[in-house]
2 protein chains.
Amino acid sequence: MQHEFGGMDYYPDLDLFARTELFQGTPADALRDLQASAARKRLAAGDILFQQGDGTTSVFVVIAGRLRASQMAQDGQQIIIRYIGPGEVAGYAALMGGDTHPGTVTAVDDSHLIGWTSAIVRQIMERYPIVAINAAALLGRRYHEMQIRLRELSTERVERRIGHMLLRLAHQSGRRTARGIEIAFPLSRRDLAEMVGTTLHTVSRTLSAWEERGIVTCGRCRVVLCKPHALVAIADEED
Amino acid sequence: MQHEFGGMDYYPDLDLFARTELFQGTPADALRDLQASAARKRLAAGDILFQQGDGTTSVFVVIAGRLRASQMAQDGQQIIIRYIGPGEVAGYAALMGGDTHPGTVTAVDDSHLIGWTSAIVRQIMERYPIVAINAAALLGRRYHEMQIRLRELSTERVERRIGHMLLRLAHQSGRRTARGIEIAFPLSRRDLAEMVGTTLHTVSRTLSAWEERGIVTCGRCRVVLCKPHALVAIADEED
DNA sequence: CCTGCAATTTGCGCCAACGCAAACATGCAG
DNA sequence: CTGCATGTTTGCGTTGGCGCAAATTGCAGG
């Protein structure tokens, strides 16, 4: 629904490159430099890109596929921070000069990425301020997203939170189908629960109730929004 | 406990300036440029710097005092995002090219700030990449903070969340006193509740219980941690 | 010193959602 | 085709902490 990054191109062309959230607006010669110093990486669904606590070695830009960023506490409880799609950055720690990755990033679909080491990224940002400015913009957007989620989690009931999250996911990576808007990557009840701060049981019950009312259709790791407007009503109605 | 920004200096000297999270590492001539284009601002406790939804006009750096950043939903429910102290940035939207402020910022103590318009900030970041890099770093740190709070809010009980938050606040702006570490700005039960996602009633009950055990001492809008180690135990103990 | 507002404390009833448990689907491996 | 692992549904008892209400305390302004 957002950018289109041309399927499975393994060697992305400059044009595609220039539409990336980190590199948009970068002059063409800089893009060529960048491409020269980039490392390509393929991941199969389920593969781990890096783990929480790992030393920060690189920043990655997603060319195709989708990944999940998650945070874990010592006791094993984990939450999902966000899903990362084409054009977006994975491994922001290297952008901000952090020395370890604050979360784990896992591929949820087969994915293609390109990466740069922290040192190179730093040089690039010093030479081409637009890249540093883009980095600030992208981190600012994510910070803002988190503020909103924190507010939702603090003040809203579970049903409404699930509604908001599905709408957000549909917006980020929904795919129009005959039955409605489908979340375009495998999303289990547990995943959804770990995004909105509840249990898979509660998510399951909620989705069942919605399915009864024809608002959604779901299968194993699949959710299709049949009546998005009804979801909006649930998520935003006064009361 | 963190930086010291020399009390009430209204015209901060370059040295102080250079210890700011946004400008550290900036060359001296740039700092002089910056100072020339800055606008000074004083706020009394309770004054509003800007409100959620306002058009983004400026970024501010706190020289002295303390402010509170909050987020409000349509229904009036609000949460506190964070407290902003000396050396920190208020109004990050202008750093990331946003066109409206995503939250409201209010002074909780008499405060001194210096500010730059979005346009000037943009120019500065283009001319001195270190400033853009610092902006990315600072937004990254806040993003990371939010991830941790989101995880706590998702997975931990209220008592533990209150414990973590008090420890965090003490770390950011604690002041050693005879009785223990005092949170160095007015913090009501309601404020604490809006930071950890609960009600002022629950906060009050929790603090009362802790006061009984000698872990904290509190008054009206005051909290002193008498036994920080006991709080750490509550916040981090297994189980 | 008095008055009034705002912050705090505390009691009590209730319910949304959790936790556990058990049955049931679905898709992949062999 | 069959079995297994993983995901999903659903029932049921429990409870943390919310919501309401009322009493109390502390601070500021007159």
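Each chain gets a letter, A, B and so on, in the order the sequences are listed, and its residues count up from 1.
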If you apply the rule salt bridge (Lys or Arg N to Asp or Glu O under 4.0 Å), what do you find for B:Arg175 with B:Glu182, and how did you get there?
CA-CA 5 Å; B:Arg175 186 166 51 193; B:Glu182 179 181 5; 3.8 Å; yes
Determine to 10° how strongly the helix from C:dC1-D:dG30 to C:dG30-D:dC1 is bent, judged from the axes of its five-pair ends.
50°
Using a strict heavy-atom distance below 4.0 Å, which residues from residues 72-84 of chain A are in contact with DNA chain D?
none
Say you draw a straight line from [atom1] of [X] to [atom2] of [Y]; how long is it, rounded to the nearest 0.5 Å?
X        : Y        : atom1 : atom2 : value
B:Arg40  : B:Leu113 : CZ    : CG    : 12.0 Å
B:Tyr83  : B:Met195 : OH    : CE    : 6.0 Å
B:Ser173 : B:Arg66  : OG    : CZ    : 4.0 Å
B:Gln147 : B:Arg142 : CD    : CZ    : 15.0 Å
A:Met72  : A:Ile79  : CE    : CD1   : 12.0 Å
A:Arg190 : A:His201 : CZ    : NE2   : 7.5 Å

A:Cys221 side chain: which of C:dC18, D:dG17, D:dG7 is closest?
D:dG7
Using a cut-off of strictly less than 4.0 Å between a heavy atom of the residue and any atom of DNA chain C, enumerate the qualifying residues of residues 151-159 of chain A by number.
A:Arg157, A:Val158
Hey, can you pull the residues of residues 203-216 of chain B with a non-hydrogen atom under 4.0 angstrom from DNA chain C?
B:Ser204, B:Arg205, B:Ser208
How many whole angstroms separate atom CG of A:Leu200 from atom C1' of C:dG19?
11 Å
Starting at atom CG of A:Leu187, determine the distance to atom P of D:dT6, rounded to an integer number of angstrom.
19 Å
Write down the protein N/O and nucleotide N/O pairs, taken from nucleotides 21-25 of chain C, whose separation is under 3.5 Å; answer none if there are no such pairs.
residue : atom : partner  : partner atom : Å
C:dA21  : N6   : A:His201 : ND1          : 3.4

Is [X] close enough to [N] that one of its side-chain N or O atoms is under 4.0 Å from OP1 or OP2 there?
X        : N      : result
B:Thr202 : D:dG17 : no
A:Ser188 : D:dG7  : no
B:Arg189 : C:dT8  : yes

A:Phe60 meets the ring-ring contact (aromatic ring centres under 6.0 Å, His included) criterion, sequence neighbours left out, with none
Could you walk me through whether A:Glu156 and A:His164 pass side chain to side chain donor-acceptor pair (under 3.5 Å), step by step?
CA-CA 10 Å; A:Glu156 291 177 0; A:His164 273 132; 3.0 Å; yes
Which heavy atom in A:Tyr92 sits nearest to a heavy atom in A:Pro102, and how many Å separate them?
OH-CG, 3.2 Å
The test is side chain to side chain donor-acceptor pair (under 3.5 Å); show your working for B:Gln78 and B:Gln71 and say whether it passes.
CA-CA 6 Å; B:Gln78 79 164 4; B:Gln71 258 260 337; over 6 Å; no
Output yes when [X] and [Y] qualify as a salt bridge under the 4.0 Å nitrogen-oxygen rule, no when they do not.
X        : Y        : value
A:Arg141 : A:Glu21  : yes
B:Arg82  : B:Glu88  : yes
A:Glu152 : A:Arg157 : no
B:Arg68  : B:Asp191 : yes

So B:Trp116 and B:Phe17, would you call those rings parallel, tilted or perpendicular, with 30° and 60° as cut-offs?
tilted
Along DNA chain C (nearest heavy atom to each residue), the more 5'-positioned of B:Gly219 and A:Thr198
B:Gly219
